[in-house]
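Taking it in order: structure first as structure tokens, then the write-up.
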Amino acid sequence: MALERLDKILSGTGRWSRREVKDLVKAGRVTADGAVVARPEDKFDREAVELRVDGEAVDGERYCYLMLHKPGGVLSATEDPKQPTVLDLLPPHLRRVGLFPVGRLDKDTEGLLLLTNDGPLGHRLLAPKKHVDKVYFVRVEGRLDQEDRRAFRTGMVLGDGLRCLPAELEVLEPPDTGLVTLREGKYHQVKRMLASRGKPVTYLKRLSMGPLRLDPELAPGAWRPLTQGERQELERLR
Ligand code: URA
């Protein structure tokens, strides 16, 4: 396995910038196999070395996991010739580590988006068999009611024949708002389900995905690395 610079390995986790890694090393807070690392440019085999920051293992961190509050107006894609993508919201060093969005949100949809380069985990989160719940806040034209709720529960069949799994709809106040819980993620699904009830969606925001909840401290367009607790919750889905 090729040797890589410490600052590249640590900043690639999304938890520290290169500048921060430099400061951590200078302060003697980084160890490699028990020895304090002297320079951020020192090289290691990331597969073999045991790195610690402040004594906490940076567990092999081959992968990067970021929570993004996707704003409206950007694509859930890794590149696009004309339009901004979610990767454009990240600093340059994190645009080069192979991150991809786990499950797409429409361009105008806001909210929780997990970005990772952990392919196997991404696929598991999206696998229909895993039934990872996704919760959306929704606003519609018109009023949501108990008939809509029953239709969602029964498992709707959309105009094009798409059969949806039973889903939850909680009507909120004011009644043009609600919470939708889906166990699958078909194209434009929330919008299509509500359109078929004659209540077009005017605003959509994802609040959670499995164990991950959108951090209320994250403004639209902001991101942060997942906490260790959040990463452990995701591990349980493996
Ligand atoms: N359902 C939709 O219609 N759009 C999204 O972005 C996500 C779920």
Side-chain angles (χ1 to χ4, degrees), residues 66-80 82-89 99-116 121-145 148-149 151-172 175-216 218-223 234 237:
L66 306 180
M67 176 186 292
L68 171 73
H69 185 162
K70 179 191 171 300
V74 297
L75 298 179
S76 297
T78 53
E79 55 185 0
D80 189 87
K82 293 207 185 81
Q83 304 191 62
T85 74
V86 288
L87 287 197
D88 293 320
L89 298 167
L99 294 172
F100 61 89
V102 178
R104 282 165 188 253
L105 293 177
D106 298 335
K107 185 176 172 189
D108 59 350
T109 302
E110 299 180 5
L112 174 69
L113 196 62
L114 171 65
L115 296 172
T116 185
L121 178 85
H123 288 124
R124 279 190 189 88
L125 277 168
L126 296 176
K129 271 194 309 216
K130 284 277 174 188
H131 292 307
V132 174
D133 280 359
K134 283 153 288 253
V135 180
Y136 298 86
F137 172 83
V138 67
R139 185 174 296 120
V140 297
E141 276 175 32
R143 297 163 70 92
L144 296 167
D145 57 31
D148 299 320
R149 182 159 177 249
F152 270 55
R153 279 217 163 152
T154 317
M156 296 174 63
V157 181
L158 303 182
D160 59 1
L162 176 75
R163 182 172 289 278
C164 301
L165 290 174
E168 285 297 326
L169 169 66
E170 183 186 336
V171 183
L172 299 176
D176 64 341
T177 61
L179 292 178
V180 172
T181 306
L182 296 186
R183 318 199 99 194
E184 56 188 342
K186 303 227 162 72
Y187 185 62
H188 291 336
Q189 189 166 349
V190 174
K191 291 176 185 165
R192 289 159 74 198
M193 288 171 86
L194 284 160
S196 84
R197 302 289 307 161
K199 301 179 184 172
V201 169
T202 57
Y203 176 76
L204 188 60
K205 176 177 184 176
R206 183 155 66 193
L207 302 179
S208 69
M209 180 172 181
L212 289 185
R213 315 231 163 297
L214 179 65
D215 184 337
L218 283 182
W223 61 274
L234 289 183
L237 296 173

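Throughout, numbering of the chain's residues begins at 1 and tracks the sequence. Bear in mind that the values here come from a model prediction, so they are computed numbers and not experimental data. As the structure lists them, so they are numbered: ligands from 1, and atoms in each ligand from 1.
The minimum heavy-atom distance between Arg206 and Leu214, with the atom names listed, is O-CD2, 4.1 Å.
Within the 4.0 Å heavy-atom criterion, neither part of Val201 lies near ligand 1.
Residue contact annotation: Tyr136 has a non-hydrogen atom under 4.0 Å from ligand 1.
A distance-only check finds a donor-acceptor pair linking the side chain of Thr202 to the backbone of Arg139 [under 3.5 Å]. Looking at Lys70, its side chain never comes within 3.5 Å of a backbone N or O of Ser76 through a donor-acceptor pair.
Under the 4.0 Å criterion applied to side-chain N and carboxylate O atoms, Asp176 and Arg143 are not assigned as salt-bridge partners. Under 4.0 Å is where a charged nitrogen must lie from a carboxylate oxygen, and between Lys191 and Asp108 at least one such pair does.
For ligand 1 and Thr109, the ligand atoms under 4.0 Å from any heavy atom of the residue are 4 (N), 5 (C), 6 (O). The Leu204 neighbourhood of ligand 1 comprises atoms 1 (N), 2 (C), 3 (O), 4 (N), 5 (C), with distances under 4.0 Å to a heavy atom of that residue. Atom numbering of ligand 1 starts at 1 in the shown order; those under 4.0 Å from a heavy atom of His188 are 1 (N), 2 (C), 3 (O).
Closest protein heavy atom to atom 6 (O) of ligand 1: Asp106 N, 2.7 Å. Atom 1 (N) of ligand 1 has Val190 N, 3.1 Å as its closest protein atom, hydrogens excluded (heavy atom only).
Annotation for Arg197: atom CZ counts as buried by contact number, over 12 foreign heavy atoms lying within 6.0 Å.
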